[in-house]
*Asks:* 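Please find one structure pasted underneath; my questions will follow.
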Amino acid sequence: MILRINGEYWKLLFVSPNDPILYIGNGFTLGVTIPAWHRIYIANNLNGDKARLVISHEVAHAEFASRGLFVPIYIEEVLADIVADNILDVYTHTNNVCRHYGKC
């Protein structure tokens, strides 16, 4: 699948959870974003809320990279977690405000 993020094209691929691309030094992870390649890799054994969370987290990394936001990885991981964990709440609150005030 191709995603357009801030005017850049990113390829999202579902791969085996044992694919070497998901190996990050001390074990396998569920998703990886490689900004230099404009690629996002997601383990293909995820479903439901877990899949949604991992995809949101990795897309957040792509959003940061496409905007030139380069911070230490531990900070970027926290920011991506905040986005992934709260994106549905933000969207729900926004829709409620829009409906209430008829502005959107």
Side-chain angles (χ1 to χ4, degrees):
M1 165 176 249
I2 302 295
L3 306 175
R4 189 162 187 242
I5 299 173
N6 196 34
E8 298 177 351
Y9 293 97
W10 290 72
K11 190 169 190 177
L12 188 144
L13 301 148
F14 289 94
V15 297
S16 165
N18 299 315
D19 190 302
I21 200 74
L22 296 177
Y23 189 80
I24 56 166
N26 59 350
F28 286 90
T29 189
L30 301 175
V32 170
T33 298
I34 303 177
W37 300 350
H38 287 105
R39 297 270 173 94
I40 300 168
Y41 297 92
I42 306 292
N44 66 7
N45 63 337
L46 302 177
N47 292 299
D49 288 342
K50 188 66 170 181
R52 186 173 285 105
L53 185 67
V54 172
I55 293 166
S56 295
H57 178 98
E58 296 306 325
V59 169
H61 283 297
E63 289 279 355
F64 301 154
S66 74
R67 286 166 170 73
L69 176 65
F70 296 102
V71 296
I73 191 63
Y74 66 92
I75 293 173
E76 186 173 327
E77 288 297 326
V78 169
L79 292 173
D81 281 345
I82 290 169
V83 169
D85 290 343
N86 297 290
I87 195 164
L88 291 177
D89 285 341
V90 170
Y91 188 73
T92 298
H93 293 313
T94 301
N95 282 340
N96 289 339
V97 169
C98 288
R99 274 193 299 278
H100 181 79
Y101 290 100
K103 296 289 186 185
C104 307

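Worth saying up front: this structure is predicted, and the values here are computed from it rather than measured.
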*Asks:* How long is the span from the CD atom in Glu58 to the CG atom in Leu53, to the nearest 0.5 Å?
*Replies:* 10.0 Å
*Asks:* Examine Ile24 and Leu13 and state if one hydrophobic cluster contains both, with Ile, Leu, Val, Met, Phe, Trp and Tyr joined whenever side-chain heavy atoms are less than 4.5 Å apart.
*Replies:* yes
*Asks:* Is the OH atom of Tyr101 crowded by more than 12 outside heavy atoms at less than 6.0 Å?
*Replies:* no
*Asks:* Establish whether Tyr91 and Val97 are linked, either directly or via other cluster members, by ILVMFWY side-chain heavy-atom contacts under 4.5 Å.
*Replies:* no
*Asks:* Quick one: CZ on Phe14 to CE on Met1, what's the gap to the nearest 0.5 Å?
*Replies:* 8.0 Å
*Asks:* Out of curiosity, does Val71 fall in the hydrophobic cluster containing Tyr74 (side-chain heavy atoms, cut-off under 4.5 Å, transitive links)?
*Replies:* yes
*Asks:* Taking C-beta and beyond as the side chain, do Ile21 and Ile34 meet within less than 4.5 Å on heavy atoms?
*Replies:* yes
*Asks:* Can you tell me how far CD1 of Ile75 sits from CG of Leu69, rounded to the nearest 0.5 angstrom?
*Replies:* 9.5 Å
*Asks:* List the atom of Pro35, the atom of Ala65, and the distance in Å for their closest heavy-atom pair.
*Replies:* CB-CB, 3.8 Å
*Asks:* Tell me which pairs pass salt bridge (Lys or Arg N to Asp or Glu O under 4.0 Å) where either residue lies in residues 39-54, with sequence neighbours left out.
*Replies:* Asp49-Arg52
*Asks:* If only atom types and distance count, is the side chain of Asn6 paired as donor or acceptor with the main-chain N or O of Ser66 below 3.5 Å?
*Replies:* yes
*Asks:* Given Trp10 and Thr33, is the side-chain contact (heavy atoms from CB on, under 4.5 Å) satisfied, shown in steps?
*Replies:* CA-CA 10 Å; Trp10 290 72; Thr33 298; 3.7 Å; yes
*Asks:* Supply the atom-to-atom distance Leu22 CG to Ile42 CD1, rounded to the nearest 0.5 angstrom.
*Replies:* 8.0 Å
*Asks:* With sequence neighbours excluded, give me every side-chain hydrogen bond (donor to acceptor under 3.5 Å, both in side chains) pair touching residues 22-31.
*Replies:* none
*Asks:* Quick one: pull up CD1 in Ile73 and CD in Glu77 and give me the separation to the nearest 0.5 Å.
*Replies:* 4.5 Å
*Asks:* For side-chain contact (heavy atoms from CB on, under 4.5 Å), just list the numbers for Val83 and His57, CA-CA rounded to whole Å, side-chain angles, deciding distance to a tenth of an Å, and then say yes or no.
*Replies:* CA-CA 7 Å; Val83 169; His57 178 98; over 6 Å; no
*Asks:* Is Phe64 reachable from Ile5 through a run of hydrophobic residues whose side-chain heavy atoms are each under 4.5 Å from the next?
*Replies:* no
*Asks:* Check whether more than 12 heavy atoms from other residues, nucleotides or ligands sit under 6.0 Å from atom CD1 of Ile87, and answer yes or no.
*Replies:* no
*Asks:* Is Leu3 reachable from Val54 through a run of hydrophobic residues whose side-chain heavy atoms are each under 4.5 Å from the next?
*Replies:* yes
*Asks:* So how far is it from Asp85 CG to Ser56 OG, rounded to the nearest 0.5 Å?
*Replies:* 9.0 Å
*Asks:* Could you please spell out the steps behind the side-chain contact (heavy atoms from CB on, under 4.5 Å) verdict for Asp19 and Tyr41?
*Replies:* CA-CA 10 Å; Asp19 190 302; Tyr41 297 92; over 6 Å; no
*Asks:* Which atom pair, heavy atoms only, marks the closest approach of Ala62 to Ile40?
*Replies:* CB-CD1, 3.9 Å
